[in-house]
**Q** 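Take a look at this one; I'll ask things after.
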Amino acid sequence: MEAARTALSATNPEALSRQKQQKRIGLKPLPNAIKGAVILRFAPNPNGPLTLGHARGVAINSQYAEMYDGKIVLRFDDTDTKVKPPLPKAYSWIEKEFEWLSGKSADIIIRASDRMPVYLDYANQMISSGFGYVCRCSAAEFKKLRDSKTPCTCRNRLIEENLKDWDSMNNGGIEEGGAVVRVKTDLQLPNPALRDWPALRIQHTSHPMVGEQYKVWPLLDFQSAIEDYEQGVTHIIRGKDLMDSTRKQTLLYQHFGWNYPETLYWGRVKVHEFGSFSTSGMRSQIEDGKYSGWDDARLPTISALRRKGFDPAALRDFWIELGLTQKDISISMQTIESFNSSIIDKKCERRSFIRGAKTLHLDSSSFSKEPIMKVSVARHPDGSEIGNREWDMDDGSILIEENDLKNNKIRLKDFADVQISENKAIVESWEKTDKRQIVHWLPSSMAISATLTRNKGDSLVIEEGLIENFELNEGAVIQLERVGFARIEPVQEDGKVNLLFLHG
RNA sequence: GCUCCUGUGGUGUAGUACGGUCCAUCAUACCGGGUUUUCAUCCCGGCGACCCGGGUUCAAAUCCCGGCAGGAGCACCA
């Protein structure tokens, strides 16, 4: 060690006196990014609303857009009508969710299905120029040929013949599965996924947005590549499962003489509590009635998180802290919740919620002749939310949780030390005099019945209780004292208050 | 099978391009303590990691070689 130091002091003395390592804050710089000239895109399939996983794409892309004064394109990749067909309502849901998550709407919004003429035109160019061809082989036949690096018989036909087949693909003359358009690549490429990859295929099913006017639809690798070029996208950030897609698209760009955008990847994310996010899986389970809708509290959708009361800034902070690593990771909702707590705690008012209520009669006779009529407690302990909640004591009957009756000397929070004796709570002191347990409570006259729903794994647990009837505004996120955060759901016909548990 | 990616504490993450700043950053979780009229918040302390093996070097988390482990793609899905 000493020898190393002396060697160092001779050759590289400044190395001995540098600062301690700090953690980099925020996202690392984008490669080759010019401020003001960055164009990013977020391209979901509108087969359902956004999930927690999509939030990563929104958060990171919009953060980079902000860092570089760039633009962000929201593009609906809706070119599949069979496997993951578009859900018409999802388009506007996604636009709104994007806006909610990023705090502003996308700079440009486009639907691939509206851009079909562009894609078909490029496909036509590709065939006319000879770097694309119509392949009539079945998928299975082609796979065999591809694996042995041999061209299929369709590959070397004349351009005129290809154009003729292209026309009949487009006018419905060829059945679904009867032909695809392939991009010519080097068949000796070591990566089998890249050899003469398919760019467009036939779908005769009706598209929910544009109907039956197109018989040929581009696949993701082609549509996305063309559209990125058309929009001038400079940086693509996508999952690393799409690495081969980048390589395929780069080959296509070479044919067209274009430069491929800078591309960055992230790894797969699982959340302990939810597993992975499959929009189509959720969709079928909602249709089967297993979940009440996309905002069912058990689902990892943005709509469910929003309904529970997550703050979009917490979601953003969380994803930006995770950054852009290519590692496959498994994270816990607890981490997201702690981001959320730190944002919402200071602005959530407190309310008392009593489960398993036990009625006691308050006896303050040894302190005052007159019964106590009013109690005033803070909306928030730190005064971040200024003001008080005014409680009307009425006949002096109060409620506490049965669980809190284990001790017979307790402190009613913000009120009095009491001794429990049968059904009486006898006031011993107004001031806090000892270390006895502090419990939350409520005058009976302030109580209104309520339910608290929380998701435990894949089930919903509903607790009945009584909530403090003081400014219960629909949609507000409040902190139930000694319970946790919850959001007030729309009031039902029976007047009952429904609370949806957020987290502790 | 072919192709590609990734391995830093319980979970994430910084540092790796150009080896010394690193007895390795920060957060979260957990444990302990303090403040507080909530089991909330806040504060303090603790805990605990460079996948393995070689090599190069005065010096390796960082470079090289070889293993091992995990993940992804090879769809007429996105």
Side-chain angles (χ1 to χ4, degrees), chain A residues 1 3-8 10-12 14-25 28 43-47 77-80 82-85 135 137-139 142-143 146-147 176-182 189-195 197-203 217 219-221 223-224 239-245 247-248 265 267-269 272 279-280 318 321-323 325-332 334-339 341-342 345-346 348 350 352 377-378 380-382 384 411-417 431-432 436-440 479-485 504:
Chain A
M1 191 61 188
R5 288 198 166 271
T6 44
L8 248 191
T11 58
N12 190 8
E14 65 275 18
L16 290 170
S17 57
R18 287 192 209 158
Q19 293 296 303
K20 220 173 163 55
Q21 188 63 49
Q22 296 293 305
K23 182 178 165 74
R24 193 201 69 231
I25 310 287
K28 58 182 81 168
N45 179 351
N47 63 335
D77 281 350
D78 58 348
T79 57
D80 170 49
K82 299 191 78 167
V83 182
K84 297 174 181 170
C135 174
C137 303
S138 74
F142 187 84
K143 183 174 163 51
R146 183 196 58 206
D147 288 347
E176 281 191 23
V180 294
V181 175
R182 296 188 179 280
L189 286 168
N191 188 343
L194 273 35
R195 299 174 197 150
W197 54 271
L200 302 99
R201 82 315 206 174
I202 300 168
Q203 288 188 135
W217 288 84
L219 287 151
L220 170 85
D221 292 323
Q223 177 270 127
S224 172
K240 69 173 185 179
D241 50 315
L242 260 28
M243 278 183 164
D244 282 349
S245 198
R247 297 179 184 109
K248 289 183 207 174
Y265 306 93
R268 282 196 96 71
V269 177
H272 299 325
T279 304
S280 36
F318 170 75
E321 146 75 23
L322 286 201
T325 61
Q326 292 185 29
K327 281 203 289 194
D328 301 314
I329 55 172
S330 184
I331 48 111
S332 164
Q334 275 189 350
T335 312
I336 302 179
E337 288 166 0
S338 82
F339 275 87
S341 292
S342 66
D345 181 75
K346 43 188 170 300
C348 288
R350 272 50 173 171
S352 191
V377 290
H380 191 286
D382 306 331
S384 313
R411 170 86 190 163
L412 299 178
K413 189 172 181 297
D414 293 312
F415 185 57
D417 284 0
E431 300 307 315
K432 186 169 182 259
R436 66 180 70 190
Q437 195 189 8
I438 298 161
V439 307
H440 63 297
Q479 190 196 67
L480 305 174
E481 281 172 340
R482 301 209 296 147
V483 178
F485 295 98

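Chain letters run A, B, ... following the sequence lines, proteins first and then strands; every chain starts at 1.
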**Q** Quick one: A/Arg195 CZ to B/C4 P, roughly how many Å, whole number?
**A**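 The answer, rounded to whole Å, is 11 Å.
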**Q** Which whole number of Å gives the distance between the P atom of B/C58 and that of B/G19?
**A**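 Nearest-Å result for B/C58 against B/G19 at atom P: 15 Å.
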**Q** Please tabulate, one pair per line, each protein N/O and nucleotide N/O from nucleotides 39-42 of chain B that are separated by under 3.5 Å, including the distance.
**A**
| residue | atom | partner | partner atom | Å |
| --- | --- | --- | --- | --- |
| B/C39 | N4 | A/Arg482 | NH1 | 2.9 |
| B/A40 | O2' | A/Asp345 | OD1 | 3.0 |
| B/A40 | O2' | A/Gln479 | NE2 | 2.7 |
| B/A40 | N3 | A/Arg350 | NH2 | 3.3 |

**Q** Summarise how protein sits on nucleotides 65-78 of chain B as a single string, 5' to 3': B when a protein heavy atom is under 4.0 Å from the base, S for sugar-phosphate-only contact, - for no contact.
**A** ------SSBBSBBB
**Q** If I take atom CD1 in residue A/Ile336 and atom P in nucleotide B/A27, what distance separates them, rounded to the nearest angstrom?
**A**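 Distance, rounded to whole Å: 19 Å.
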**Q** Could you pull out all residues at least two apart from A/Ser342 that satisfy side-chain hydrogen bond (donor to acceptor under 3.5 Å, both in side chains)?
**A**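 Listed in chain order: nothing, the list is empty.
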**Q** How far does the P atom of B/A69 sit from the matching atom of B/U28, given to the nearest Å?
**A**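 After rounding to an integer number of Å, I get 36 Å for this pair.
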**Q** I'd like to check the salt bridge (charged side-chain N to carboxylate O under 4.0 Å, His left out) partners of A/Arg146; sequence neighbours left out, ordered by chain and number.
**A**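 Per chain and number, A/Arg146 pairs via salt bridge (charged side-chain N to carboxylate O under 4.0 Å, His left out) with no residue.
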**Q** Please enumerate all residues that pass side chain to side chain contact (heavy atoms under 4.5 Å, CB included) together with A/Asp241, with sequence neighbours excluded.
**A**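 Partners of A/Asp241 under the side chain to side chain contact (heavy atoms under 4.5 Å, CB included) test: A/Arg268.
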**Q** So, using side chain to side chain contact (heavy atoms under 4.5 Å, CB included) as the criterion, who are the partners of A/Leu219 when residues are at least two apart?
**A**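 For A/Leu219 the side chain to side chain contact (heavy atoms under 4.5 Å, CB included) partners, ignoring immediate neighbours, are A/Pro198, A/Arg201.
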**Q** Identify, with sequence neighbours excluded, every residue that meets side chain to side chain contact (heavy atoms under 4.5 Å, CB included) alongside A/Gln326.
**A**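 Partners of A/Gln326 under the side chain to side chain contact (heavy atoms under 4.5 Å, CB included) test: A/Lys240, A/Met243, A/Tyr265.
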**Q** For A/Lys327 and B/G12, give me the distance from atom NZ to atom P, rounded to whole Å.
**A**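 Atom NZ in A/Lys327 sits about 7 Å away from atom P in B/G12.
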**Q** Could you measure between the two P atoms, the one in B/U16 and the one in B/U62, and give it in whole Å?
**A**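 Nearest-Å result for B/U16 against B/U62 at atom P: 13 Å.
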**Q** Suppose you measure atom P in B/A49 against the same atom in B/U25; what distance do you get, rounded to whole Å?
**A**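 Straight-line distance between the two P atoms is 12 Å.
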**Q** With sequence neighbours excluded, tell me which residues meet salt bridge (charged side-chain N to carboxylate O under 4.0 Å, His left out) with A/Asp78.
**A**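 With sequence neighbours excluded, A/Asp78 shows a salt bridge (charged side-chain N to carboxylate O under 4.0 Å, His left out) to no residue whatsoever.
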**Q** Rounded to the nearest angstrom, tell me the gap between atom CD in A/Glu321 and atom P in B/U28.
**A**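 These atoms are roughly 9 Å apart.
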**Q** For A/Lys432, give me all partners under salt bridge (charged side-chain N to carboxylate O under 4.0 Å, His left out), at least two apart in sequence or on another chain.
**A**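 Testing A/Lys432 for salt bridge (charged side-chain N to carboxylate O under 4.0 Å, His left out), a comparison that skips the adjacent residues, returns none.
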**Q** Who pairs with A/Lys413 by salt bridge (charged side-chain N to carboxylate O under 4.0 Å, His left out), at least two apart in sequence or on another chain?
**A**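 A/Lys413: salt bridge (charged side-chain N to carboxylate O under 4.0 Å, His left out) contacts with A/Glu481.
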**Q** For B/A49, does the O4'-C1'-N9-C4 or O4'-C1'-N1-C2 angle fall within 90° of 0, making it syn, or is it anti?
**A**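 That one's anti.
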**Q** Whole Å only: how far is the NZ atom of A/Lys413 from the C1' atom of B/U38?
**A**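 Rounded to whole Å, this separation is 5 Å.
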**Q** Can a side-chain donor-acceptor contact be found between A/Asn191 and A/Asp244 if the only test is distance below 3.5 angstrom?
**A**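 Their side chains do contain a donor-acceptor pair, which is all the 3.5 Å distance test asks for.
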**Q** Under 3.5 Å, is there a donor-acceptor pair between the side chain of A/Arg482 and the main chain of A/Ser352?
**A**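 No; judged by distance alone, with no hydrogens or angles, the pair does not exist.
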**Q** Taking for each residue the nucleotide of RNA chain B with the nearest heavy atom, is it A/Phe339 or A/Asp414 whose nucleotide lies nearer the 5' end?
**A**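 This one resolves to A/Phe339.
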**Q** State which residues pass side chain to side chain contact (heavy atoms under 4.5 Å, CB included) with A/Arg24; sequence neighbours excluded, sorted by chain then number.
**A**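 Counting only residues at least two positions away or on another chain, A/Arg24 forms a side chain to side chain contact (heavy atoms under 4.5 Å, CB included) with A/Lys28.
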**Q** Only Watson-Crick and G-U wobble pairs, only distances under 3.5 Å, only runs of 3 or more: what stems does that leave for RNA chain B?
**A**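 The stems that RNA chain B takes part in, listed by first number, are B:1-7 with B:68-74, B:10-12 with B:26-28, B:30-34 with B:42-46, B:51-55 with B:63-67.
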**Q** Figure out the CZ/C1' separation between A/Phe415 and B/U37, and round it to whole Å.
**A**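 Rounded to the whole Å, the gap is 13 Å.
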